[in-house]
Amino acid sequence: MSFDSTAFLQTVPHSSGVYRMFNREGVIIYIGKAKDLKKRLSQYFQKDLPNIKTARLVTQIDHIEFTVTFSETEALVLECNLIKQYQPKYNILLKDDKSYPFILLTADRHPRICSYRGAKKEKGTYFGPYPSSGAVRQALQLMQKLFPIRQCNNTVYGNRTRPCLMYQIGRCLAPCVPGICSDEEYQRQVKLVSLFLQGKNQQLLNDLVAEMDEASENLEFEKAIRIRDQMLALRKVQEQQNVSGDVNNDMDILGCSMGDGLACVHVLFIRNGKILGTRSYFPKIPADNTYEYLLESFIGQFYLTDNRKRTMPQEIITAHEPLNRDFLEQALKDTCGSSVKISTQVRSERARYLKLAEANAAASLKARLTHEGTMAERITSFEELFGMTDIERMECFDISHTMGELTVASCVVFGREGPVTSEYRRYNIDGITPGDDFAAMHQVLTRRFRGITRDAKIPQILFIDGGLGQLHEAENIISELFRDVTDFMPPVLIGVAKGEGRKPGLETLIMGYTHEEYSLTLDNPALQLVLHIRDESHRFAITGHRHRREKARVTSKLQDIPGIGSVRRQALLKHLGGMQEIMKASAEEISKVPGISMKLAEEIYNYLHG
C-alpha cells in the first residue's frame, strides 16, 4: 500500500519543527527541519521533483512522523541531535558529529573573546551553545563594534609593540601596548560583555533605542535602519535554546491533550539535556474525562508493566498531577531500584520542555482525529445510529461575532476521509440586527442553497451548531428552498445543542422536524464525529471573524492586549524592531524587553498567535 500523502498533509500544522521519514521496515531514512512543516512536506509530493535523489526518497516512504518546536532555531538543534543519533541513509549534513560552537571569554589578564568548538579545556567562561558557527561569527563581528575587547590570538597579542588597525578604528582598547588603557577600564568592558551574553544587561539595548530615535529625528533613516538591524542581531545572539539546554539529568516529559473522545500523551525522552526521541501514545479516554486519571493510568501501564524494557528516568514531568502520585513514585522506586520523581510545578528550562510536549500532543491528536481508519469507524457508527447508508458529504454551519460586531458564518465540509478543507467557505453577514444569530443563520443558509441545481454538491447531513431556535430557522429555510426540488432529497438536519456548562460530552443531538433527541456518551464514535465537525466549524468561524475584525481596524494589534499601554507598546516596537519582528519573537524573547515580565510576555505571545 503506497503512502497517502494527501490525507497525511491534512494533519500537518503550519508550525516549525522536525520531520522523520520511515521506510516499510520502520527504519528512519531521512530527517529534516522546517520553518513551516506543512509547506515543506508538501514540496516532497509535487509532480516534478527537483532531483533523482528526492524522487527515490519519496518512493521509499511508508509513513512520516513530526515534532513541533517553538522556533526554527530549536528545530535546527533537534534535527542535529536526531541525525547524529540515527544516521539516516539520505542525510548528508550533520553526520560529522561536530560539537556545537560556543563563545569563549578567556581568563587571561586581558581576556580575549572568540569562537570555540570542542572539549572545554581552555580556562574561561563559555557562552552557548549556538546553532551554527555563522551565528557565532556574526555575534563576534557585532560585539567588536560594541565592545572594544581584543579578538586576536595570544601570539599576536604577546608580540605587539604598537596598536593595530582595530585600535585605530575604535574597535579595541589596545591592551597589548602599555599606557594606552588601564586594566580597570578593560575589565569594565569585559564585565559588560559577560552581562550581555548572559542576557542580564538591557542597558545596551536602551542606548541603541535612544540612538535609533535620534537618527530618525535627524532624518538619518539609513543609520536608523542599521541600528535596528543591530538590535535584531543582538536579540538573535541572546536567543535561548529550548531543545538543547543546560538540564543534565534524565527526564521524561509527558504532554497531554484530550478532545472529541480521544486522548494523546506525547513523551519527550530527554537524556543529558538533549531530546533523544519523541513518541505519541493514544490511550483510551478515561471515564471521568480528567487529565489526572489519564496520567495515573498511563504512567502505571507505561513504566510498571514487566514486559517493557526501558531506561527509567530520574524525573517524570507533567502539567497535571496524576492521582495517587505518592503511590506511583513508590511503585516506580520498587521497580527500578532508585527514586523517580514526578513533578508538576516546573519553571525555566523544564517548563519550556513541558510546553513543547504539550504542543506536540495537541498536533498528534489532531493528526489522529483525521486518520482514515478513525474516520471510517466514526462514520459507520453514525450511520448505524441514525439508520443511514453511504454518507459522502456532511456540512456544518456556525456563527461567530463579538457583541454583534462583524458577524461571520462558516461552512465546513467533511467526507468519509475527514475534512475537505478546499471546500470550506466563510460568509460575511451584513444587514441584520447585531447579535441576531437566527437572522445570520437565515442569511447564510439562503446564500448557500439558493438556486440549487441537480449538479450542485448537496450534503446528506447538515449540522446546525445550536439548539431548537437555530434548528427551527434552518428547517424553515431548507423547506422553502427545496420545496420545488424533486430530483434529489434535501439534507437531513441535525442540531448540536451544547450541554450544561458547555462541557464536552454533554451535547444533545436533535433531529430536524421530528425533534427526537439523542444524548450520547463521549466514548461513542458517532458523537466523536459530530464534535469533531462542530469544533472545526467553530474554529473556522472564529478565525474568519478575527481576520475580518483586524481588517476593519486601523489600530495596532498591541492595543487590544490587556496590560499593554502606550509605553510598553513603544518599548516592544523599538526593542524588537517592528510589528513583524514581534510576531516572529518567542515569549522568552518578548520577556527581555524592559517592563515586560515573563507572564505578560506569554499573554502577548498567546494573543498574537491565537
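In this text the structure is predicted, and so the values were computed from the model without any measurement.
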Any salt bridge between [X] and [Y], counting N to O under 4.0 Å?
X      : Y      : result
Asp465 : Lys498 : yes
Glu383 : Arg378 : no
Glu536 : Arg534 : no

Could you go step by step and tell me if Tyr281 and Ser364 meet the side chain to side chain donor-acceptor pair (under 3.5 Å) rule?
CA-CA 9 Å; Tyr281 300 87; Ser364 298; over 6 Å; no

Exam field: side chain [X] to backbone [Y], donor-acceptor pair closer than 3.5 Å:
X      : Y      : value
Glu475 : Gly512 : no
Ser537 : Ile533 : no
Asn524 : Leu520 : no
Thr543 : Arg539 : yes
Asn23  : Gly26  : yes

Take Tyr291 and Met258 through the test side-chain contact (heavy atoms from CB on, under 4.5 Å) and record every step on the way to the result.
CA-CA 8 Å; Tyr291 286 104; Met258 287 195 294; 3.9 Å; yes

Angle between ring planes, Phe302 versus Phe298, binned at 30° and 60°: parallel, tilted or perpendicular?
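Ring orientation, 0 to 90° scale: parallel.
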
Tell me whether the rings of Tyr44 and Tyr19 are parallel (<30°), tilted (30 to 60°) or perpendicular (>60°).
perpendicular

Can you tell me how far the [atom1] atom of [X] sits from the [atom2] atom of [Y], to the nearest 0.5 Å?
X      : Y      : atom1 : atom2 : value
Arg279 : Leu268 : CZ    : CG    : 14.0 Å
Lys38  : Leu9   : NZ    : CG    : 6.0 Å
Cys264 : Glu358 : SG    : CD    : 10.0 Å
His545 : Leu406 : NE2   : CG    : 6.5 Å
Ser16  : Lys33  : OG    : NZ    : 9.5 Å
His532 : Cys396 : NE2   : SG    : 11.5 Å

So Phe3 and Phe45, ring pair (Phe, Tyr, Trp, His ring centres under 6.0 Å) or not? Walk me through it.
CA-CA 10 Å; Phe3 178 65; Phe45 304 103; 5.7 Å; yes

Student check: side-chain heavy atoms of [X] and [Y] closer than 4.5 Å:
X      : Y      : result
Met394 : Ile391 : yes
Ile64  : Phe22  : no
Ile464 : Met441 : yes
Val530 : Glu507 : no
Val408 : Ile429 : no
Val68  : Pro13  : yes
Glu423 : Lys457 : yes
Leu493 : Ile478 : yes

Determine whether Tyr30 and Gln60 satisfy the following criterion, side-chain contact (heavy atoms from CB on, under 4.5 Å), listing intermediate values before the conclusion.
CA-CA 10 Å; Tyr30 186 75; Gln60 299 184 31; over 6 Å; no

Cation-pi between Arg426 and Phe540: NZ/CZ under 6.0 Å from ring centre and within 45° of the ring axis?
yes

For Ile510 and Ile494, what are the C-alpha separation, side-chain angles and deciding distance, and is it a side-chain contact (heavy atoms from CB on, under 4.5 Å)?
CA-CA 5 Å; Ile510 308 173; Ile494 298 179; over 6 Å; no

Determine the minimum heavy-atom distance between [X] and [Y], stating which atoms define it.
X      : Y      : value
Arg447 : Asn428 : NH1-O, 2.9 Å
Phe66  : Thr11  : CZ-O, 3.9 Å
Pro419 : Gln10  : O-OE1, 3.4 Å
Ala357 : His266 : O-CB, 3.9 Å
Gly495 : Leu471 : N-CD1, 3.9 Å
Gly415 : Ile379 : O-CD1, 3.6 Å

With sequence neighbours excluded, residues passing ring pair (Phe, Tyr, Trp, His ring centres under 6.0 Å) with Phe449:
Phe482

Verdict with reasoning, Tyr427 to Arg448, per side-chain contact (heavy atoms from CB on, under 4.5 Å)
CA-CA 9 Å; Tyr427 300 83; Arg448 167 65 179 89; 3.6 Å; yes

Out of Glu321, Arg350, Glu315, which one pairs with Ser343 under the side chain to side chain donor-acceptor pair (under 3.5 Å) rule?
Glu315

